[in-house]
Amino acid sequence: MSDAVNRRQLVAGLAAGLGLPGLRGARADAPIVIKFSHVVAPDTPKGKGALRFKALVEARTHGRVRVEVYPDSQLYQDKEEVEALQLGSVQMLAPSLSKFAPLGVREFEVFDLPFLFKDQAAYRALTEGRLGRELLDRLETTGVKGLAYWDNGFTMMSANRPLRHVADFRGLKMRIQSSKVLDAQMRALGAVPQVLAFGELYQALQTGVVDGTETTPSNIYTQRLYEVQKFITASNHGHLGYAVIVNKKFWEGLPTELRLVLEAALKESTGYANALAASDNAAAFERIKASRRVGLIELAPAEVNEWKRALMPVHREMEERVGRATIDAAYQAAGFIKPV
Ligand code: LMR
């Protein structure tokens, strides 16, 4: 071995040992690590999407990139994970769209308007259209880059008393995500909203810190919320979607050829997760039913209309916060028609 080679090896070894940023490129064997943190179970549309991304990336980069997936709030709770991403402690997240307003992009709360989406196709039309792109672009000033939208599904209400009529909500403490639209929604129903981290939900329901909540069957099943709630109303009044986001500086600093591989892997994982959303939720609903641990309430059309009458004023009430133009663009993209 020549002296030159020996010297290069020594410099590389030193750089590795000292972790000197300027010499990091000398560690030819060190993989780039992407920490992907999320708050739900691995066996959910988001959990499976994250694992598919990991598998595709690691196979296609032959180990040059390692994706470490941390589910179930193992690393961070809801609020902390976004801060950790901005600081670069994690590189990738997929928070629910209800959690972006604290970053200063309040327009994301448009996704929380009750009964906005008539079906999943309406959600896809919004996210795949111009408004969807514009909202992701607005994140850039916060040090975050929005790469894709993922889907979960329609949300249901649960509580320890049957929720069939609007009056049934009176005085109930309902856990919500940190969205002012969800806050207004619960108040319009007569409930008392309480923001709590997703990872604290099971215990909060079990100990009576809150009386109820809203989420998808997939989350109710995998977090075993049906064990600590007596009734679930298949209301489908809201929709739970996600944005896959990365630390902008990290992402843009990746070698171009690697970033292209990652982008292609994410596109495939997005298709995979989104294709699973409806079937995963239907299967979870059947499992909850089969458990016989919880009363399931289906709403009659007249009861759905009663909920809509109580909740439509929230759309107008939130115009100032979310922006009239954003709401109008969302209506158009989703094909929303205000009920009369
Ligand atoms: C919630 O906090 O209820 C959801 O955002 C959890 C999730 O990511 O599905």
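For ligands, and for the atoms within them, numbers begin at 1 and follow the listed sequence.
- Of the protein's heavy atoms, K46 NZ, 2.7 Å lies nearest to atom 8 (O) of ligand 1.
- The nearest heavy-atom contact from the protein to atom 4 (C) of ligand 1 is Q177 OE1, 3.5 Å.
- The aromatic rings of F111 and Y149 sit tilted, their planes meeting at an angle between 30° and 60°.
- Residue L240 approaches ligand 1 through these ligand atoms, each under 4.0 Å from one of its heavy atoms: 9 (O).
- In this view, F36 satisfies the ring-ring contact (aromatic ring centres under 6.0 Å, His included) rule with no residue, not counting sequence neighbours.
- Contacts with ligand 1 closer than 4.0 Å are made by no heavy atom of T44, backbone or side chain.
- Among D119, T155, D151, T216, the one residue that satisfies the side chain to side chain donor-acceptor pair (under 3.5 Å) test with H239 is D151.
- Under 3.5 Å, the side chains of H38 and Y242 contain no donor-acceptor pair of N or O atoms.
- Under the 30°/60° scheme for interplanar angles, the aromatic rings of H237 and W307 are found to be tilted.
- With a heavy-atom cut-off of 4.0 Å, T216 does not touch ligand 1 at all.
- Residues forming a ring-ring contact (aromatic ring centres under 6.0 Å, His included) with F285 (at least two apart in sequence, or on another chain): none.
- Contacts of Q77 with ligand 1, taken as heavy-atom pairs under 4.0 Å, are absent altogether.
- Scanning the protein for heavy atoms near atom 7 (C) of ligand 1, the closest one is V40 CG1, 3.3 Å.
- The protein heavy atom nearest to atom 3 (O) of ligand 1 is R175 NH1, 2.7 Å.
- Using modelled atom types and a 3.5 Å distance limit, the side chains of Q177 and S96 yield a donor-acceptor pair.
- A cation-pi arrangement is present between R224 and Y202, with the terminal nitrogen or guanidinium carbon under 6.0 Å from the aromatic centre and inside a 45° cone about the axis.
- Within ligand 1, counting atoms from 1 as listed, the ones closer than 4.0 Å to a heavy atom of S96 are 5 (O).
- Here the protein heavy atom with the shortest distance to atom 2 (O) of ligand 1 is K99 NZ, 2.8 Å.
- Only side-chain heavy atoms of D78 come within less than 4.0 Å of ligand 1; its backbone N, CA, C and O stay farther off.
- Looking from atom 9 (O) of ligand 1 to the surrounding protein, the closest heavy atom is Y242 OH, 2.5 Å.
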